[in-house]
Structures are given as structure tokens and as C-alpha cells.
Amino acid sequence: MTDSGERLGGRRKFRLDYNLIVLIILVGFIAIVTIMQITTITPGKFPTMIAPANLTNLFAQVSATGIMAMGMAMVMIGGGIDLSVGMLTSFVVLHLAKSFIDPLYGERLPLVAAILLSILFAVLMETGMGWIISRFKVEPFIITLGGMICFRGIALRIVNSQEISMTINGVQSLGEGGQMDLKMSVVPKNLVDVAGLTVNLPIYVFVFIGITALIWVIMKYTKYGRRIYAVGANSHAAYLAGINVKNIVLSTYTINGLLVGVASVFLLSRVNTAIITTGQNKEIDVIAAAVIGGVALSGGKGNIWGVFVGAILMGAIENGLTIMRQKAEMQFVAKGLIIIGAVVVGAIIESMVSRSQTKQKQREEEGISEVAAEISDAE
Amino acid sequence: MATACSQPAEEPVEETPAEEVPPAEDTTDEPPVDEPAAEVQTKTIGFYADAADSYYTLMNDALVALAEQDPETDWTVDYKAGQSTAEEQLKAVEDFITSGYDAIIVIQNNPDTTSECIEKAKAAGIPYFGAAHYFGQVANAGDSAGSTNYDFKACGVAAGEDAIAAGVEKLVMIEGVLGQGSASDQSLGFIEAYETAGKSLGEKEDGSKWTAEEIATEKPDANAIKGSPDLVVVAWQSGGWMSEPAQEAMSNVISALGNDGWDGAYVQNNPMVEGAMLAMDGAGLTTENYWLGSCNGREISWGWAKDGKISMDVNQPPTMEGAILYQQLKAYFSGAEFRKHLHPYITPYNQSTIADLEPSLVPIEDVPGFIAKVNDGSIVWDISDPKFVDVPGNW
């Protein structure tokens with residue numbers, strides 16, 4: 001599903017680019033909502049769908065899911081999958097909050113230590129699952145399903161099934177005036193946009209964009225990234241080519257754990273309370289963002305910027321349909337249809353590319369035969 | 001036509017209402033002819049509920065039904081249900097604000113996220129109303145326009161008092177969602193009823209006494225409770241507010257404890273208590289020998305109490321919360337004073353009191369029946385009535 005434009009016989013053929021199609025869907029959707037706002041929903045007013053406040057809001061809403069989708073994309077491109085990210089998120093936020101607010105380890109941890117330790121646990125848990133998956137060659141679906149159930153139990157046990165607030169003396173520990181303001185806005189406070197809405201651009205939006213760029217560079221321009229693609233496409237061939245398949249698979253889970261940990265910390269700063277439902281069903285959104293972004297469940301295919309657009313599209317559907325005042329049920333229908341549509345479009349494109357390549361091969365073979373025949377005739 | 005905020009109190013007024021509340025007026029079915037026609041309120045309201053739960057839907061249905069029959073209100077209420085995550089609550093409120101709704105109602109995931117939502121709504125100049133759950137402890141709760149929520153602890157207390165009367169000593173506690181405030185509050189209330197009645201909750205290893213709060217929070221294993229306690233929670237389970245998981249949990253408990261290992265079960269809502277009843281039926285157990293309490297008080301449970309299938313329940317109708325929201329919103333939009341943060345009243349009933357109390361119980365699932373009772377004055381629903389309790393908090 002990657003860029004597969006090609007030049008055949010000197011003529012420029014239709015450029016089949018899956019990521020471009022997803023981007024067109026995103027822009028088209030935003031355009032439709034905007035037109036609906038202008039014409040029927042709030043005529044005479046600036047369409048809030050494209051208001052700066054809403055666009056920054058949209059990025060803020062999808063940042064945590066988007067960061068996790070980057071990790072998931074690496075795992076899936078490498079031929080795996082991880083169903084445990086939702087409950088791992090819950091574990092990280094509950095552990096962080098519990099160790100910071102209560103003496104979980106005999107005394108309360110400083111905030112930085114609580115954050116780092118929680119992320120470390122996420123890395124270790126994912127590494128553990130990656131080790132089992134890579135060493136025993138077992139189905140990642142099953143192992144991570146087990147992990148999901150297990151993490152839920154550990155998370156609940158840590159906090160005695162209670163929710164934990166990060167507010168101390170009326171101040172959010174991870175917010176303004178707190179020990180560490182992770183949702184600090186990089187635009188001036190009380191900045192009002194053209195639609196009269198207050199603009200807020202939290203710092204974690206830039207972390208999301210930065211992580212996306214970093215993972216893109218790793219996957220596209222490094223030997224390590226190309227090896228992940230190779231392992232996901234055909235692990236046996238990759239092994240024969242001298243790639244350490246086990247360690248490549250293991251490393252994708254480790255990086256995924258790191259990204260889930262980081263995203264969970266930002267998520268906690270956003271909602272400010274740790275509760276078991278924080279990560280509930282998060283794996284569905286994360287996998288959906290990766291799939292919409294063009295990552296193949298079979299592995300070996302996917303584009304990081306496609307995943308970035310996929311994560312934004314997932315958020316935009318919910319945001320846009322709410323602005324259009326559609327029933328919440330329709331948001332699920334729309335999201336589901338887009339996932340199905342994305343996979344179908346991907347399959348169609350793949351089939352077209354495959355057919356096109358076969359024809360090109362045939363033409364080349366025919367050309368060679370003709371040349372050979374001409375040479376033979378000349379002789 | 002329903003005239004909100006003007007229904008006379010059904011019962012004698014025992015306390016004076018809060019100062020800002022105008023005195024209840026006599027009502028007629030139609031406004032006096034010489035009064036100018038009230039302006040029609042054309043408003044859009046975004047209503048977010050933390051989960052797809054019939055309790056929340058019924059609250060919305062009652063609110064919409066009351067607004068629909070009122071010629072002074074032309075409201076569009078857009079209802080959206082989440083999946084029990086704080087992130088969704090925040091997203092919904094952000095999207096409601098962007099969309100330009102005239103008011104926002106939220107059934108919250110947790111108070112801290114609500115604090116964030118109130119801040120955003122306030123910045124956008126949109127009134128924020130809370131429902132179903134308490135958030136008065138957050139610092140900016142006073143910036144909300146109003147709220148309604150049941151005192152879940154009071155429901156637990158009512159159940160606990162009934163259990164004390166029935167002599168329950170070995171309790172199975174089936175909570176809704178483990179860790180959720182409305183579940184924890186019920187558990188705490190139940191155990192506090194024993195503490196308040198002077199009953200022993202046992203001792204710790206070091207000889208100090210367990211408190212109700214410690215037991216509700218720490219959920220200690222029965223083996224960790226020493227001495228001669230009058231109440232031991234022999235099993236803590238979660239039924240996720242649903243029937244099937246509760247049935248499974250109850251079956252497992254019965255298998256684990258045996259018939260002698262427990263003598264009562266508090267199951268925190270009606271769908272779950274139905275599951276627990278099925279589990280008890282399957283094991284050949286009845287309320288003749290076991291106490292079975294709940295907190296919800298749906299119409300079906302009135303029959304269960306009469307038939308002896310449950311020992312007691314507490315009528316805690318979401319429809320009444322819908323009625324409160326309707327009155328608060330209407331008053332807010334018209335600029336009138338109103339009581340801003342209220343606990344609706346609850347009505348406990350058991351096998352021996354159900355027959356007498358049934359006419360005054362508030363319908364839950366039968367929304368038309370609820371509206372009929374509102375219109376004929378057979379239930380108290382005017383928020384200026386002292387049966388509604390002002391909620392303490394940072395208002």
C-alpha cells in the first residue's frame with residue numbers, strides 16, 4: 001500500500017497512492033462538515049470545524065492515541081500485533097498516580113521518578129511479551145490478549161480497584177501550577193480565534209509530531225527500519241538474509257512499550273485522574289489508526305505518515321460528527337465503515353498494482369522475445 | 001402543559017427551602033389568561049453520558065419528555081454516550097463547545113476531568129450542568145451552572161440498616177464497576193450503617209479496630225478481620241452493573257463459600273440483582289434464608305419485593321434527575337433563581353413496606369407513566385420542595 005506510481009512505456013500512468021487517498025478522505029470530510037456548517041448548521045457564523053481552536057483541539061485529542069499508533073505500526077509492520085496497549089495504558093496511569101500520591105513503595109515517589117518508573121514498567125512488560133513471542137514463535141494475538149487481561153488485574157490490584165486523582169490541594173500535579181505542566185499551551189493564554197473560541201495548543205501535540213517524524217526516519221532511512229519491513233514481509237527470507245529476526249521482533253515490542261508509556265503520561269496529564277477505564281478499548285482506536293494509515297495486518301507494509309493521518313482522521317470523524325450534531329451511534333458506524341473502506345481500498349490498490357506489474361513484466365518479456373526474434377531473423 | 005418549578009409539594013413542608021428559592025406557587029394546568037405569554041426558549045443542549053447505560057438514557061428521556069410537553073421550551077437535546085473513559089468526556093465537552101451548544105450536561109467519568117470540562121465551558125461562556133455523580137469536591141465546582149446526583153452513600157446506608165434488621169453478618173458485596181465512585185459510596189454507606197449502629201467491624205492483626213472507611217477502601221480479606229465482628233464482607237465482586245457478569249460472580253461466590261459461608265448479598269443495581277437472583281435460584285436458595293438487597297428501585301423490583309424474590313431495594317429514579325435538569329435548565333435560560341445542586345430524594349422499601357409505598361414510588365422505565373405522575377401531582381418533583389436536599393460542596 002506504499003507509493004506505487006510507475007512509468008510504463010514512457011507514459012505517466014495513474015499514480016496509485018493509498019496514503020494520498022486517506023489524506024483526500026480527511027480533507028474531504030473536513031470540507032463537508034465545514035460546508036454543512038456554513039449552509040445549514042450555523043449559517044452566518046464562521047465554521048468552527050476549521051477554526052484554529054478546533055484544529056488544535058483535534059490534534060490535542062488524538063495525540064496520545066497517535067503516539068501509541070506509532071508503536072503499534074512498528075509492531076504490525078514487523079508482523080506482530082499488540083492487544084494489550086489499552087490495559088497497559090491503564091496500568092501506567094494507575095501506577096504513576098499511586099506511586100506519586102500514596103506510599104506504594106514505602107514512601108511517595110517524586111513525580112519524575114514516578115513517571116520514569118511507570119514508563120520503565122511499560123517497557124519491561126512489552127519486552128516480556130516480545131521475548132515470549134519472538135523466542136517461542138507463538139501467536140502475538142494470544143500472548144498480548146493474555147497480557148491485556150493480566151495488566152488489568154495488576155493495575156486493579158495496585159490501587160485496590162480505586163480511582164486516584166492527581167490533584168493535590170486543588171492543583172493538578174501534571175497541569176498548570178503543578179509540579180510538572182505537561183499540558184502547557186505553547187500559544188498565549190486566552191488567545192481567542194476568529195470563531196471566538198479559546199485556542200489551546202498543548203506541548204504534547206509537538207511531542208506527537210516529533211515522535212512521528214522520528215519513527216518515520218527510523219523506518220524509512222535506517223537499516224534497522226528496513227529490517228523490520230523485511231521481517232514483517234517474510235521472516236524466513238529475512239532470516240536467510242542474515243537478519244536477527246528474533247531481536248528485531250523483540251525490539252518492536254520494546255519500543256512500543258516505551259511509546260505507550262510516554263503516551264499514557266500525557267493522557268494522564270489531560271484527564272488528571274487515573275482509573276482503570278483510562279485505557280479501555282484504546283487498542284481498538286490504536287490498531288484502527290494504524291490500519292487506516294495503511295499498515296497491513298499481515299506485516300511488511302505501512303507508512304508512518306499514513307498512520308499519522310489515520311490517527312487524525314479517527315479523531316476528525318468524532319469531532320466532525322459532533323459538530324454536525326449527529327447521533328453518537330453514527331460515529332461508531334462512520335469509524336467502522338472507514339476502517340472497512342480503508343482495508344478494501346488497500347486491497348484494490350494492491351491488486352491493481354500487482355496486475356500492472358504482471359502486465360509490465362509480460363510486456364518486457366514480449367519485448368525481449370521480439371528483440372530476440374528480430375536478432376534471430378537478422379542472423 | 002407542564003409548568004416547571006411550580007408544582008405544589010405533595011407533602012407538608014417541614015423545612016424552609018434555600019434562601020434563593022422563590023416560594024412554591026399554586027399551579028393550574030394552564031397559565032392565567034391575563035399573564036403575558038412566556039417567551040419560547042429555542043435552545044440546543046449537548047448531553048454527554050459516561051456510558052451506554054439505561055439509567056442515563058432514562059434520565060435523558062425524562063428531560064426530553066418534560067421539555068416536549070412544555071410549550072415554552074423548544075429544546076433540541078443531543079445525547080451522546082461514551083465508553084466509560086475520561087478522555088471521551090473531555091473530547092465530548094470540547095466538541096460541544098466548538099459546536100456552539102447553549103448548554104452542556106455531563107454524566108461524568110470522574111470529578112477531576114469534570115473540573116477540566118467546567119474550566120473549558122466557563123471559558124467558552126457555556127453553562128455546565130452535571131448529573132448522576134457528585135463533583136462538589138473539585139475547586140472550580142462553583143463555576144458549574146447546576147447539578148443533580150443521588151447520594152449513593154445514603155442508598156448504601158438504607159440497605160445497611162435493612163440488613164442489620166435482618167441480622168446479616170456475612171455479606172457478599174457485588175459492586176458495579178470496581179473503583180467507580182457510585183459503587184464505592186454505596187459500599188461505604190452500607191458498612192457505615194453498621195458502624196453507626198454500634199456494630200463491630202472486627203479488629204486488625206495489631207488489635208486496632210477496622211473502620212467502615214478502611215474496609216470499604218481496602219476491601220480486606222475475611223481472614224484479615226479478627227475478633228468477633230458483627231459484619232464481615234466475605235466476598236467482594238464486580239458485576240459491571242450488568243446481569244450476566246453479576247450472575248457469574250454470584251454463582252462463583254456461592255460455589256466458593258458454600259451455603260453456610262454467607263447470609264446476605266448487597267447487589268448495587270437491579271440488572272445485577274436479577275443476575276444474583278438467577279444464581280441463587282440455580283443453587284436452590286431463596287430470600288427466606290438469605291437477605292438480598294439492591295439500590296435502583298425499578299418497577300420490576302417492586303414486583304420482586306412483593307413476591308419475596310428480593311429483601312429490599314431503594315427507589316432511586318433517574319427520571320427524577322431528568323426532571324431536576326429540566327427545571328434547572330429552564331430557570332437558567334429564563335434568568336430565574338433556582339436551587340443549583342441537589343440530591344433527589346430516595347425511598348427505601350422492603351417486602352413488608354412495598355404495598356404501602358408503591359403509589360408514591362417514582363417510575364423509572366415507564367417514562368410516560370412518570371410524566372403522568374408528574375402531571376397529576378402524585379409525586380413530588382418541584383425542586384423547591386424540601387424533599388430535595390441541597391448538596392454540600394465547593395459551590
Side-chain angles (χ1 to χ4, degrees), chain A residues 37 41-42 45 48-49 51 53-54 57-58 60-62 64-65 93-94 156 159-167 169-172 175 183 190 192 195-198 200 267-268 270-282 315 318-329 331, chain B residues 44 46-52 76 78-101 108-117 119-120 122-125 137-140 175 177-181 183-184 187 216-220 236 238 394:
Chain A
Q37 277 200 290
I41 303 169
T42 50
K45 289 184 180 173
T48 50
M49 182 73 210
N54 189 51
N57 182 32
L58 180 56
Q61 289 179 355
V62 302
T65 303
V93 299
L94 285 166
L156 282 169
V159 295
N160 278 327
S161 300
Q162 302 289 312
E163 60 189 50
I164 299 179
S165 167
M166 287 292 283
T167 298
N169 299 327
V171 177
Q172 297 180 5
K183 52 183 176 181
N190 300 327
V192 176
L197 299 167
T198 307
N200 180 41
L267 189 57
L268 180 58
R270 191 166 148 75
V271 299
N272 201 47
T273 288
I275 186 168
I276 191 66
T277 57
T278 304
Q280 190 167 277
N281 298 330
K282 186 60 86 183
E318 199 171 330
N319 177 270
L321 290 181
T322 304
I323 287 174
M324 286 170 74
R325 302 187 178 175
Q326 294 298 307
K327 293 283 179 195
E329 293 84 348
Q331 293 172 10
Chain B
T44 55
F47 191 149
Y48 175 79
D50 183 47
T76 303
D78 290 332
Y79 180 83
K80 179 177 183 177
Q83 294 175 88
S84 305
T85 71
E87 195 188 7
E88 284 176 298
Q89 179 190 335
L90 195 50
K91 270 188 196 173
V93 169
E94 287 169 345
D95 293 346
F96 284 155
I97 290 169
T98 306
S99 194
Y101 281 90
Q108 71 180 18
N109 179 268
N110 68 76
D112 277 328
T113 307
T114 291
S115 173
E116 189 84 16
C117 293
E119 194 179 322
K120 286 176 186 275
K122 187 191 173 195
Q137 72 273 43
V138 299
N140 62 347
E175 291 194 332
V177 173
L178 288 172
Q180 198 177 58
S184 308
S187 302
T217 310
E218 296 175 29
K219 299 181 172 60
W236 292 91
S238 167
N394 298 325

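So you know, we letter chains A, B, ... as the sequences are listed, proteins then strands, and number each from 1.
Contact tally against chain A (heavy-atom pairs below 4.5 Å) for N394(B), D78(B), V138(B): the top residue is D78(B). Put simply, of V159(A), I164(A), T42(A), L267(A), the one with the most heavy-atom pairs under 4.5 Å next to chain B is L267(A).
With a threshold of 4.5 angstrom between heavy atoms, A124(B) does not approach chain A through any atom at all. Heavy atoms of S165(A) lying under 4.5 Å from chain B belong to its backbone as well as its side chain. At a 4.5 Å heavy-atom cutoff, the contact between N272(A) and chain B is made by backbone and side-chain atoms alike. With a 4.5 angstrom heavy-atom cutoff, Y101(B) touches chain A via backbone and side-chain atoms both. Residue A51(B): no heavy atom, backbone or side chain, is found under 4.5 Å from chain A. Only the side chain of K282(A) comes within contact range of chain B, with at least one heavy atom under 4.5 Å from a heavy atom of that chain. Residue T114(B): no heavy atom, backbone or side chain, is found under 4.5 Å from chain A.
Between the side chains of N110(B) and E163(A), no donor N or O sits under 3.5 Å from an acceptor N or O.
For T48(A) (side chain) and T98(B) (main-chain N/O), a donor-acceptor pair under 3.5 Å exists by modelled atom type. Panel note: side chain Q280(A), backbone Q83(B); a donor-acceptor pair is recorded below 3.5 Å.
Residues that satisfy the side chain to side chain donor-acceptor pair (under 3.5 Å) test with T277(A), not counting sequence neighbours, are absent from this structure. With sequence neighbours left out, the salt bridge (charged side-chain N to carboxylate O under 4.0 Å, His left out) criterion links K122(B) to D143(B).
Counting heavy atoms from C-beta outward, K120(B) and N200(A) have side chains that approach closer than 4.5 Å. With a 4.5 Å cut-off on side-chain heavy atoms, T322(A) and K91(B) do not count as touching. In this structure, N57(A) and D95(B) have side chains that are in contact, with non-hydrogen atoms separated by less than 4.5 Å. Two residues are said to be in side-chain contact when any heavy atoms from C-beta on lie closer than 4.5 Å; D112(B) and Q172(A) fail this criterion. Put simply, the side chain of K80(B) reaches to within 4.5 Å of the side chain of E318(A), judged on heavy atoms.
Ion pairing between a basic and an acidic side chain is recognised when a charged N comes within 4.0 Å of a carboxylate O; K183(A) and E119(B) show no such pairing.
The only option from E94(B), E116(B), E88(B) that meets the salt bridge (charged side-chain N to carboxylate O under 4.0 Å, His left out) definition with R270(A) turns out to be E94(B).
Between atom OG of residue S99(B) and atom CG of residue N54(A) there is a gap of 9.5 Å, rounded to the nearest 0.5 Å.
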